Amino acid sequence: SVRALDSIKGPKELPILGNALDFLVPPDEILGVMISMCRKDSPMTRFWMTKFKPYVVLHSAPCVEVLLSGNKALTKSSDYDYLLPWLGRGLLISTGAKWFGRRKMLTPAFHFKILEDFVEVFNQKSAILVSKLAEKATGEAFDIFNMVTMCTLDTIMETTMGLSMDVQRQSEIPYVEAVHKISSIAQDRQKKLWQQWDWLFRLVGDGKEHDRCLKILHGVSLTTIRERRRLYAASSKSDNSAPEGTKERLPFLDLLLKYSAEGVDLSDEDIREEVDTFMFEGHDTTATAVNMTLYLLGSHPQVLAKVHEELDAVLGDDEFISSEHLTQLKYLERCVKEALRLYPSVPIIGRVSAQDLVIDGKLIPAGTNLMIFIYLLHRDPEQFPDPETFDPDRFLPEQIAKRHPYAYVPFSAGPRNCIGQKFALMEEKVILASVLRRFTIKSLHRPHELRMMGEIILRPKRGVMLKMWPRNN
Ligand code: HEM
């Protein structure tokens with residue numbers, strides 16, 4: 001049945017090895033290789049990671065719609081298996097009844113009422129970032145990437161895990177370094193045939209480094225659970241109610257602890273998987289998104305001027321950025337969305353279909369690995385004319401109405417979309433508004449100098465180099 005895939009266009013392949021050798025390039029060249037493989041004259045492309053493992057890459061809106069709408073392909077592709085030692089079968093990777101039950105269980109933790117309570121934390125954590133940036137705002141070049149990452153990590157730990165770790169005041173965070181390293185190793189394993197087998201991965205691959213990272217990552221998640229369990233038990237004992245400030249709507253980790261205390265089938269390992277999944281997905285994605293928005297604004301002074309104007313008009317002298325302010329920051333929101341178009345934090349997602357599918361008139365047999373190449377989809381010139389140009393007005397309502405509904409999916413779409421989408425957009429806006437109301441910025445890199453790496457999460461190889469100055473100074 002794999003023969004059916006021969007009717008889909010793709011790059012020339014070698015016997016047995018297929019296209020596997022094409023991927024043996026440094027991490028900052030993978031996206032380029034993928035783009036050059038994908039056919040411009042076809043809405044999807046087929047390639048072979050050896051002749052035993054075909055992939056179909058979808059890069060046009062109507063094809064993406066077939067896959068993401070409905071329940072046809074809710075199972076993740078085997079590429080996610082490389083993340084299993086770290087994330088286990090938490091919400092990102094689980095499938096079937098386990099995924100469905102968890103999704104239902106965790107959705108209330110992202111209820112808009114809870115998100116409104118988080119706005120205060122977004123403000124507090126952004127204020128720490130701003131105070132650190134005040135030292136950098138001298139017109140000297142610096143890399144802002146990790147400073148923003150620490151801010152988003154600090155935020156996710158306090159909002160969803162209920163713990164104040166004060167990571168922004170520390171100079172180095174082994175957790176962040178381990179996240180970057182392990183994602184890079186997982187990505188690397190996908191393309192290196194000899195690393196597919198665990199024993200060989202350990203013998204000649206990055207197995208040792210992988211396990212070192214794993215120890216750091218699980219150390220942090222297990223400590224987090226232990227600490228929150230202690231606080232949860234103490235507060236439940238004292239007044240028989242949820243921990244302080246959480247009312248009846250419990251944030252993420254407390255919700256899991258409550259279910260496990262009530263005897264719902266949720267082992268310590270189950271909780272650990274979810275904590276690891278949300279700590280990772282909840283900070284690394286937003287870090288890239290905020291960083292790339294800053295990069296783009298720092299390269300487009302006229303757009304930045306309009307953002308400044310809007311911030312001054314909406315925020316005035318109000319120190320606290322409220323959810324009402326956020327609703328009014330429409331231009332900033334368009335910038336955030338346009339930045340996620342050009343630099344979607346998750347550039348590629350993978351599925352496998354349990355049943356035969358017909359996409360663009362072609363039969364895709366059950367079991368085929370499917371990729372949605374979000375990065376390329378967002379550059380379709382038919383949907384986004386002059387696609388490399390940063391133009392926030394593409395997200396004016398009348399412009400959105402002209403496009404295919406699946407032309408823009410930075411948070412994926414359908415039942416397995418991003419559970420943290422609203423959280424992310426609110427957090428991004430608070431961080432950006434807090435920073436930009438006080439500072440003006442200039443980016444030092446041109447787009448091709450960023451050398452974007454698609455290591456599960458998109459990352460610029462050389463960070464985001466900026467010059468920054470206080471405003472009105
Ligand atoms: C700008 C920020 C973000 C972007 C661009 C983003 C993007 C995505 C995408 C594309 C997916 C689908 C992944 C796939 O199909 O493999 C996803 C899933 C997910 N995201 Fe996000 N995300 C962001 C922020 C967040 C935040 C803040 C959280 C948590 C607080 C979060 C938690 C998750 C989880 C748990 C899933 C798996 C959902 C499921 O399969 O049911 N994400 N995200």
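Start at 1 and go down the list; that is how both ligands and their atoms are numbered. This is a predicted model, so every value here is computed, not measured.
You'll find the side chain of Asn417 stays beyond 4.5 Å of the side chain of Val409, heavy atoms only.
By the 3.5 Å distance cut-off applied to N or O atoms, Arg103 is counted among the residues near ligand 1. Ligand 1 has a nitrogen or oxygen under 3.5 angstrom from a nitrogen or oxygen of Lys76. Checking only distances, Tyr80 does come within under 3.5 Å of ligand 1, N or O to N or O.
Contact atoms of ligand 1 toward Ser412: 10 (C), 12 (C) (distance under 4.0 Å to a heavy atom of the residue).
One option in Thr160, Val409, Ile419 has a heavy atom closer to atom 34 (C) of ligand 1 than any other, and that option is Ile419. Counting heavy atoms only, Ile349 comes closest to atom 13 (C) of ligand 1 of the residues Ile374, Ile456, Ile349, Val336. When the heavy atoms of Gly282, Ala289, Pro410 are ranked by distance to atom 29 (C) of ligand 1, first place goes to Gly282. Considering Ala109, Cys418, Ala287 only, the shortest heavy-atom separation from atom 18 (C) of ligand 1 involves Cys418.
At a heavy-atom distance under 4.0 Å, only side-chain atoms of Glu428, from C-beta outward, approach ligand 1. Under 4.0 Å from ligand 1, the heavy atoms of Arg351 that appear belong solely to its side chain. Contacts of Glu281 with ligand 1, taken as heavy-atom pairs under 4.0 Å, involve both backbone and side chain.
Checked against the 6.0 Å centroid threshold, Phe278 and Phe110 count as a close aromatic pair. The six-membered or imidazole ring of Tyr295 lies away from that of Phe145, with a centre-to-centre distance of 6.0 Å or more.
Looking from atom 40 (O) of ligand 1 to the surrounding protein, the closest heavy atom is Arg416 NE, 2.9 Å.
Heavy atoms of Ile372 stay at 4.0 angstrom or farther from ligand 1.
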